Protein chains: 2
Amino acid sequence: MAKKENQNIADSTEQKIFDAAHEVFVQKGMDGAKMQEIADRAGINKALLHYYYRSKDKLYEAVARAVIGRAAPMISQLIESDKPLEEKIRHFIEIYISIISKNPFIPLFIISEINKHPDHFFEKILPAELPKPQIFIRQVEEEIAAGRIRPVNPKHLVINIVSMCVFPFIAKPMARFALGLNSAELKIFLEERKVQVTEFVLASLRP
Amino acid sequence: MAKKENQNIADSTEQKIFDAAHEVFVQKGMDGAKMQEIADRAGINKALLHYYYRSKDKLYEAVARAVIGRAAPMISQLIESDKPLEEKIRHFIEIYISIISKNPFIPLFIISEINKHPDHFFEKILPAELPKPQIFIRQVEEEIAAGRIRPVNPKHLVINIVSMCVFPFIAKPMARFALGLNSAELKIFLEERKVQVTEFVLASLRP
DNA sequence: GAACAGTTTAACCAGTTGGTTAATTTTAGG
DNA sequence: CCTAAAATTAACCAACTGGTTAAACTGTTC
């Protein structure tokens, strides 16, 4: 057996390959990514890619599964908690935007690849426990029944909230152009959205 | 000169190529699109592509420019009209969602390609007169000053509205999955959004 | 009907891509 | 040390890609 002596898991060849592949796939998608570029960025020979991950598809699948598997639980944990509705919405928007800020390429990656290979994604890559908004939806219905919020269609409410959190990040360059912001101003603007979106939603829910 | 006798412009070889390229580029993006597939779908030889459009880049540019050039004026016309604010918002959401319903691949195409080649897009493809929301923003500020709507940051309002209109279409498969809808139900759901988003926005703007 | 420009094609080409091979180096264990 | 397994590499390959070429076809004009 061969194991490098002073080498933690993070520096292992397999991990280096995975990290490089993650970068390239997420930024360029399945088609745009080239095995040679992944090899170069990992600092190894192209043949080693196939030694650890048999094919481009397999490597892509590993990356895609990790991306989704990392994002999904955070959301479901939040959405399924038993906090009161207003607090839940506040927390959801805050955390959702924070996560995306730190991983700005992920949403577009997921959306693009789902649109190109929907079957593949839903069969092989998605974890069984994707966050389901049913609990959230029931909670909204209860609040409406109690007269504490304006009557709204809860499914549309969910989509509205997610849309306002995610879309500005995937449309960044367009937003910059349309609003006439430079890079620094855009960063501030996106950070502002945590409170702006929260206020917007809660204002709309007033009875 | 050689011109086919019974042949209108729509059936011309150049148009057939353009239409086929439009389909393929919009669905698969620059990288995913193959010249051979475009030729096949246009029912012609691959060399003819290069006869009419010298290179893949040129063909792509023609398609991209047409896509943007078609979408932008409709929006700006609407956003720059002098209707009262509420009516303008109603119209904007209604028309925006209608347009996207008929061209479901366009938004993701624009966003993906802008993210991959931002410079190229803003230098070569975008028409000078991209819809600028300044007039809309000023109008919102006036309404706030007059106390007719709740104080909101108008830039965030613009982004909120556009997000809620566009995002559900580009995240269609995910929305289907998360909300547990079949294809027909999703279509209804997206149509419902015209009134749902309008109500949601106007409710949030109540003073 | 010959000459001619515009159109279309089959065959081809060079570069790139994902993937393989066989040989070399490194590492662990007796 | 020596050996065998694991890790790594250089060289290679077949398929595909965007793009070219030269020849053939089509219609118009005189």
Side-chain angles (χ1 to χ4, degrees), chain A residues 1-65 112-113 116-117 120 124, chain B residues 1-64 113 116-117 120 124:
Chain A
M1 274 173 245
K3 277 259 163 68
K4 302 289 170 60
E5 274 175 20
N6 302 333
Q7 187 181 262
N8 49 30
I9 304 150
D11 283 339
S12 73
T13 302
E14 187 167 354
Q15 188 63 38
K16 269 172 13 197
I17 292 175
F18 181 89
D19 291 342
H22 186 280
E23 255 184 83
V24 177
F25 275 131
V26 158
Q27 285 182 42
K28 312 203 170 177
M30 170 65 157
D31 294 321
K34 306 297 167 202
M35 294 297 267
Q36 188 59 58
E37 186 182 347
I38 295 173
D40 291 345
R41 215 177 282 211
I44 50 124
N45 189 287
K46 195 182 54 155
L48 256 192
L49 295 182
H50 294 88
Y51 179 74
Y52 284 99
Y53 302 85
R54 273 209 288 283
S55 68
K56 188 184 183 183
D57 284 289
K58 288 275 197 315
L59 179 53
Y60 172 79
E61 198 178 311
V63 170
R65 184 172 277 132
S112 297
E113 301 306 312
K116 271 173 205 156
H117 327 280
H120 181 257
K124 291 185 129 189
Chain B
M1 275 177 245
K3 278 258 165 68
K4 301 291 170 58
E5 275 175 19
N6 303 331
Q7 185 180 262
N8 49 29
I9 304 152
D11 283 340
S12 74
T13 302
E14 188 167 354
Q15 189 62 37
K16 269 173 11 196
I17 292 176
F18 182 89
D19 291 340
H22 187 280
E23 255 185 84
V24 177
F25 275 131
V26 158
Q27 283 181 42
K28 311 202 170 176
M30 171 65 157
D31 295 321
K34 307 295 167 202
M35 294 296 266
Q36 188 59 60
E37 186 183 346
I38 295 174
D40 291 345
R41 217 177 279 210
I44 50 125
N45 189 288
K46 195 182 51 154
L48 255 192
L49 296 183
H50 294 88
Y51 178 75
Y52 284 99
Y53 302 85
R54 272 210 288 285
S55 67
K56 188 184 182 181
D57 283 290
K58 288 276 198 311
L59 179 52
Y60 172 79
E61 199 178 309
V63 170
E113 302 305 313
K116 271 173 206 155
H117 327 281
H120 181 256
K124 291 186 129 187

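Keep in mind it's a predicted model, so treat the numbers as computed, not measured. Reminder, nothing fancy here: chain letters follow the sequence lines and each chain counts from 1.
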Considering non-hydrogen atoms only, spot the tightest contact between [X] and [Y] and give its length.
X: A:H50; Y: A:R54; result: CD2-O, 3.2 Å
X: A:V24; Y: A:K34; result: CG1-N, 4.4 Å
X: B:L48; Y: B:I17; result: O-CD1, 3.9 Å
X: B:D31; Y: A:G32; result: OD2-CA, 3.5 Å

Open item on the list: Expected output is a numbered-order residue list: members of residues 26-42 of chain A with a heavy atom under 4.0 Å from any atom of DNA chain D. What is it?
Closed with: none

Does OP1 or OP2 of [N] have a side-chain N or O of [X] closer than 4.0 Å?
X: A:T13; N: D:dT8; value: yes
X: B:S55; N: D:dG18; value: no
X: B:Y51; N: C:dT9; value: no

Can you check the [X] [atom1] to [N] [atom2] distance for me, whole Å?
X: A:L48; N: C:dT26; atom1: CG; atom2: C1'; value: 13 Å
X: A:K56; N: D:dC16; atom1: NZ; atom2: P; value: 15 Å
X: A:L49; N: C:dT17; atom1: CG; atom2: P; value: 13 Å
X: A:Y60; N: C:dG18; atom1: OH; atom2: C1'; value: 17 Å
X: A:I44; N: D:dA10; atom1: CD1; atom2: P; value: 11 Å
X: B:L59; N: D:dG18; atom1: CG; atom2: C1'; value: 12 Å

- [ ] Encode nucleotides 20-25 of chain D as B, S and - characters from 5' to 3', where the letter depends on protein heavy atoms closer than 4.0 Å: B to the base, S only to sugar-phosphate, - to neither.
- [x] BB----

Task: side chain to side chain contact (heavy atoms under 4.5 Å, CB included) evaluation trace for B:F18 with B:Y52 - done: CA-CA 10 Å; B:F18 182 89; B:Y52 284 99; over 6 Å; no

- [ ] Assess whether atom NZ of B:K28 is packed by more than 12 heavy atoms of other residues, nucleotides or ligands within 6.0 Å.
- [x]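 Result for NZ/B:K28: open.
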
TODO: Mind checking B:Y53 for me? I need base, sugar-phosphate or nothing, with any heavy atom below 4.0 Å counting as a touch.
DONE: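 Nothing: the residue B:Y53, judged by heavy atoms under 4.0 Å, touches no strand.
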
Open item on the list: Working note: B:D57 + B:E61, criterion side chain to side chain contact (heavy atoms under 4.5 Å, CB included); need CA distance, chi angles, decisive distance, verdict.
Closed with: CA-CA 6 Å; B:D57 283 290; B:E61 199 178 309; 5.9 Å; no

- [ ] Check for a donor-acceptor pair, side chain of A:K56 on one end and backbone N or O of A:A33 on the other, with a separation under 3.5 Å.
- [x] yes

TODO: Answer yes or no: is there a side-chain heavy-atom contact under 4.5 Å between A:M30 and A:K116?
DONE: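 Answer no - side chains too far apart.
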
Open item on the list: Ring-plane angle category for B:F25 and B:Y60, please: parallel below 30°, perpendicular beyond 60°, tilted otherwise.
Closed with: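 Perpendicular, since the angle between the ring planes exceeds 60°.
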
Between the protein and nucleotides 22-25 of chain C, list the N/O to N/O atom pairs that are separated by less than 3.5 angstrom.
none

Open item on the list: One pair to check against side chain to side chain contact (heavy atoms under 4.5 Å, CB included): B:Q15 and B:D19. What are the steps and the verdict?
Closed with: CA-CA 6 Å; B:Q15 189 62 37; B:D19 291 340; 3.0 Å; yes

